[in-house]
Amino acid sequence: LCAEAALRSGAGLVTLGVPKSINLAVIKNKPKEVMTLPLCQTKDGFLTIIGRRKEMLVTSGGKNVWPEAVESELSKDRFVASSIALGNNRKFIGALIAPDWQKVEQFFKENNLPLQPPEQLVNSKALIGLFQQRLDEKINPNLSEYEKIRAFKLLPRDFSPEQGELTPTLKLRRHII
């Protein structure tokens, strides 16, 4: 916990540049604000921001999972437009996935599969099978055992600010989704 470590070490004036400059010395006596500061880890001598404490998922087995790491792996797949990892107080991690419908349409045409509207395709065995295969072969191998996505649901549309699922800066509103 980089903010707490800096406070505990008595590091005087420390400034973080994410999401904006925050002077830890000013908030030293305001623990509520420390809860929203970035969580960091050191790896190979570099300080890496891994998420925010309030967004951490804790499985029913007590494992801490950073949803950003899981969502980052998902977003690397060409068929995924956006996603959100779920699993707080659950036995496993799940995900809501909004497919990239242009890529899906292209895949269906190349493989001579019948095209349907997205509302019907999300329940299609062919599309669910495609995403399960991608999870099994490309995404889950890059995640720890307790981070692996065991269940998912495909969404007919992407998250949007109009529906209240994204902030004006296009960040996920996890508590609403």
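Model, not experiment: these values are computed from the prediction. Side chains are part of it too, since the values below use all heavy atoms of this structure and drop only hydrogens, waters and symmetry mates.
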**Q** Where do F108 and A126 come nearest, in terms of heavy atoms and distance?
**A** CZ-CB, 4.2 Å
**Q** Following the transitive rule for hydrophobic clusters with a side-chain heavy-atom cut-off under 4.5 Å over Ile, Leu, Val, Met, Phe, Trp and Tyr, establish whether F159 and F152 coincide in one cluster.
**A** no
**Q** Does the side chain of T59 come within less than 4.5 Å of R90's, by heavy atoms?
**A** no
**Q** Counting only heavy atoms not in R134 (residues, nucleotides, ligands), do more than 12 fall under 6.0 Å from its CZ?
**A** yes
**Q** Nearest 0.5 Å please: distance from the CH2 atom of W66 over to the CG atom of L57.
**A** 9.5 Å
**Q** Do V65 and V58 share a hydrophobic cluster, counting only Ile, Leu, Val, Met, Phe, Trp and Tyr and linking them when any side-chain heavy atoms are less than 4.5 Å apart?
**A** no
**Q** Short question: side chain of T167, backbone of T169 - any donor-acceptor pair under 3.5 Å?
**A** yes
**Q** Nearest 0.5 Å please: distance from the CG atom of L155 over to the CD1 atom of I84.
**A** 10.0 Å
**Q** Donor-acceptor pair, W101 side chain versus P156 backbone, under 3.5 Å?
**A** yes
**Q** Write out all pairs satisfying ring-ring contact (aromatic ring centres under 6.0 Å, His included) with one or both partners inside residues 74-96, taking only residues at least two apart or from two chains.
**A** F79-F107
**Q** Check whether any side-chain heavy atom of Q120 lies under 4.5 Å from a side-chain heavy atom of S124, and answer yes or no.
**A** no
**Q** Decide yes or no on side-chain contact (heavy atoms from CB on, under 4.5 Å) for I139 and L74, but give the supporting numbers first.
**A** CA-CA 6 Å; I139 297 165; L74 277 166; 3.7 Å; yes
**Q** Considering residues at least two apart in sequence or located in another chain, which fulfil the side chain to side chain contact (heavy atoms under 4.5 Å, CB included) criterion with P168?
**A** R173
**Q** Enumerate the salt bridge (Lys or Arg N to Asp or Glu O under 4.0 Å) contacts for residues 141-162, please, sequence neighbours excluded, ordered by first and then second residue.
**A** E145-R150, R157-E165
**Q** If you group Ile, Leu, Val, Met, Phe, Trp and Tyr by side-chain heavy-atom gaps below 4.5 Å, do V104 and L115 land in one group?
**A** yes
**Q** Kindly compute the distance separating CZ (F131) from CD1 (I97), expressed to the nearest 0.5 Å.
**A** 6.0 Å
**Q** Treating Ile, Leu, Val, Met, Phe, Trp and Tyr as nodes and any side-chain heavy-atom pair under 4.5 angstrom as an edge, say whether L127 and L113 lie in one connected cluster.
**A** yes
**Q** Say whether, by atom type as modelled, one donor and one acceptor occur between the side chain of D100 and the main chain of V80 under 3.5 angstrom.
**A** no
**Q** Nearest 0.5 angstrom please: L121 CG to L154 CG, how far?
**A** 9.5 Å
**Q** Short question: side chain of N140, backbone of I149 - any donor-acceptor pair under 3.5 Å?
**A** yes
**Q** When rounded to the nearest 0.5 angstrom, what distance separates CG in L130 from NZ in K103?
**A** 13.0 Å
**Q** Mind checking the CD-CD spacing from E73 to E68? Nearest 0.5 Å is all I need.
**A** 13.5 Å
**Q** Side chains of Q102 and Q106 only: does a donor on one sit below 3.5 Å from an acceptor on the other?
**A** no
**Q** For E119, does the CD atom sit with more than 12 other heavy atoms under 6.0 Å from it, leaving out its own atoms?
**A** yes
